[in-house]
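Scroll down for the structure; my scribbles are underneath it.
Every value quoted in this text rests on a predicted model; they were computed, and no experiment measured them.
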Amino acid sequence: MRYCFPPAAQAAIPIAGGDQSFPVRRIYCVGRNYVEHAREMGFTGREPPFFFMKPPDALVFVPEGSIGEMPYPQVTKDLHHEIELVVAIGKGGSNIDAADAAAHVFGYAVGLDMTRRDLQGEAKKTGRPWEVGKAFDRSAPIGPIVPAAAAGDVANAAISLDVNGATRQSSNISRLIWSIGETIEHLSALWELVPGDLIFTGTPEGVGPVGPGAMLHAHVDGLPELKIQIV
């Protein structure tokens with residue numbers, strides 16, 4: 001096939017402990033999936049799950065032991081951090097039952113759903129899509145993917161985010177409103193999941209602003225930590 005110009009490189013995330021990479025297809029994100037975060041955003045808790053997307057080229061891969069850099073994005077004056085467990089899909093399907101979802105998971109990673117909160121807020125007020133607040137360039141820092149068999153008890157793992165050495169977010173994956181399996185069930189009823197898809201599973205309470213120079217340290221038990229500085 002002849003292209004009119006060279007196609008963009010395939011987005012891919014290295015797999016921890018080896019020399020292979022995970023080719024990324026789509027990035028799905030779950031909104032308000034921890035009770036306390038839902039409450040701090042003005043909601044009650046177990047509302048039906050909803051989803052939005054980020055483009056694959058929003059990913060910023062940070063190797064384990066390194067400090068990545070994320071430029072402070074244009075236009076916004078209110079950039080917020082949101083730490084999330086990321087699920088990497090290795091086996092596709094539609095209408096996947098929650099009880100069978102684990103068989104579709106390739107592995108897990110630590111990710112950040114960075115958000116232009118002011119622009120997202122304006123979009124909410126007018127009933128417009130969230131892409132301007134969520135799907136901007138370099139809005140999805142992520143660490144290496146750990147295969148599921150090596151990740152330990154992810155469903156009960158501690159999750160936390162420090163900013164400049166002070167803890168901002170701290171919770172446990174067990175506090176998800178919709179568990180990993182339930183999320184996959186709901187999501188696969190709306191879209192056919194395909195190997196290469198990533199799911200950002202939601203963020204705990206404690207989201208807040210960061211400015212240029214801020215150092216973010218994201219942690220989920222059993223997974224490589226993610227460190228990134230806003231520049």
Side-chain angles (χ1 to χ4, degrees), residues 8 11 24-60 69-87 89 94 111-142 159 161 163 168-169 171 175-180 182-194 197-214 216 218 228 230-231:
V24 178
R25 177 180 175 263
R26 291 180 178 173
I27 303 173
Y28 298 98
C29 304
V30 189
R32 294 194 295 266
N33 202 22
Y34 286 81
V35 172
E36 293 304 322
H37 175 57
R39 288 174 179 164
E40 75 180 354
M41 300 301 286
F43 295 83
T44 60
R46 199 172 168 89
E47 288 87 6
F50 68 94
F51 306 94
F52 58 93
M53 294 188 189
K54 291 177 181 272
D57 60 4
L59 292 167
V60 179
E69 291 187 347
M70 176 188 170
Y72 195 91
Q74 297 177 333
V75 182
T76 187
K77 295 181 180 179
D78 194 21
L79 177 68
H80 279 212
H81 57 77
E82 298 190 12
I83 183 175
E84 311 211 1
L85 172 71
V86 182
V87 176
I89 297 296
S94 297
L112 288 167
D113 168 20
M114 302 302 292
T115 302
R116 294 193 286 203
R117 190 71 72 200
D118 46 356
L119 302 189
Q120 183 196 29
E122 291 171 10
K124 286 180 179 180
K125 289 177 184 178
T126 56
R128 295 176 179 174
W130 287 9
E131 279 84 353
V132 68
K134 289 286 193 177
F136 55 94
D137 296 342
R138 297 175 291 277
S139 61
I142 190 169
I159 179 171
L161 177 79
V163 177
R168 291 270 192 94
Q169 296 183 263
S171 189
R175 296 178 187 169
L176 283 168
I177 297 173
W178 301 96
S179 69
I180 296 167
E182 290 171 327
T183 294
I184 290 173
E185 180 178 282
H186 283 283
L187 189 59
S188 66
L190 296 169
W191 292 276
E192 178 183 2
L193 295 181
V194 172
D197 288 340
L198 297 178
I199 305 171
F200 279 62
T201 57
T203 194
E205 68 275 14
V207 301
V210 288
L216 282 62
I228 196 160
I230 309 300
V231 297

How far does [atom1] of [X] sit from [atom2] of [Y], to the nearest 0.5 angstrom?
{"X": "Glu122", "Y": "Arg117", "atom1": "CD", "atom2": "CZ", "result": "13.0 Å"}
{"X": "Ile142", "Y": "Glu84", "atom1": "CD1", "atom2": "CD", "result": "10.5 Å"}
{"X": "Arg138", "Y": "Tyr72", "atom1": "CZ", "atom2": "OH", "result": "14.0 Å"}
{"X": "Phe52", "Y": "Asp113", "atom1": "CZ", "atom2": "CG", "result": "4.5 Å"}
{"X": "Lys77", "Y": "Asp118", "atom1": "NZ", "atom2": "CG", "result": "8.5 Å"}
{"X": "Ile199", "Y": "Leu187", "atom1": "CD1", "atom2": "CG", "result": "5.0 Å"}

**Study point:** Steps toward side chain to side chain contact (heavy atoms under 4.5 Å, CB included) verdict (Val30, Phe200)
**Key:** CA-CA 6 Å; Val30 189; Phe200 279 62; over 6 Å; no

Donor-acceptor pair, [X] side chain versus [Y] backbone, under 3.5 Å?
{"X": "Thr76", "Y": "Asp78", "result": "yes"}
{"X": "Ser188", "Y": "Leu193", "result": "no"}
{"X": "Ser171", "Y": "Gln169", "result": "no"}
{"X": "Thr183", "Y": "Trp178", "result": "yes"}
{"X": "Thr203", "Y": "Ile83", "result": "yes"}
{"X": "Lys54", "Y": "Ser139", "result": "yes"}

**Study point:** Thr115 and its side chain to side chain donor-acceptor pair (under 3.5 Å) partner, picked from Lys134, His80, His81
**Key:**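 Exactly one pass, corresponding to Lys134.
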
How close do [X] and [Y] get, counting heavy atoms only, and between which atoms?
{"X": "Pro56", "Y": "Val24", "answer": "CB-CG1, 4.2 Å"}
{"X": "Pro55", "Y": "Ile27", "answer": "O-CD1, 3.5 Å"}
{"X": "Glu82", "Y": "Val207", "answer": "CG-CG1, 3.7 Å"}
{"X": "Leu79", "Y": "Pro73", "answer": "CD2-CD, 3.7 Å"}
{"X": "Met114", "Y": "Ile230", "answer": "CE-CD1, 4.2 Å"}
{"X": "Ala214", "Y": "Val163", "answer": "CB-CG1, 4.3 Å"}

Point to revise | Audit row: Ile89, Ile184, side chain to side chain contact (heavy atoms under 4.5 Å, CB included) steps and yes/no | key: CA-CA 9 Å; Ile89 297 296; Ile184 290 173; 4.1 Å; yes

Practice item. Decide yes or no on side chain to side chain contact (heavy atoms under 4.5 Å, CB included) for Leu112 and Leu161, but give the supporting numbers first. Key: CA-CA 10 Å; Leu112 288 167; Leu161 177 79; 4.0 Å; yes

Considering only heavy atoms from C-beta outward, does the side chain of [X] approach that of [Y] to under 4.5 Å?
{"X": "Leu59", "Y": "Leu198", "answer": "yes"}
{"X": "Leu85", "Y": "Ile180", "answer": "yes"}
{"X": "Met70", "Y": "Leu216", "answer": "no"}

Check your understanding: What do the steps show when you test Phe136 against Gln74 for side chain to side chain contact (heavy atoms under 4.5 Å, CB included), and what is the final call?
Key -> CA-CA 9 Å; Phe136 55 94; Gln74 297 177 333; over 6 Å; no

Check your understanding: Trp191 vs Tyr28 aromatic rings, parallel, tilted or perpendicular, using cut-offs 30° and 60°?
Key ->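 Trp191 vs Tyr28 ring planes: tilted.
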
Exercise for review: Output all residues satisfying salt bridge (Lys or Arg N to Asp or Glu O under 4.0 Å) with Asp197, sequence neighbours left out; order by chain, then residue number.
Suggested key: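 For Asp197 the salt bridge (Lys or Arg N to Asp or Glu O under 4.0 Å) partners, ignoring immediate neighbours, are Arg25.
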
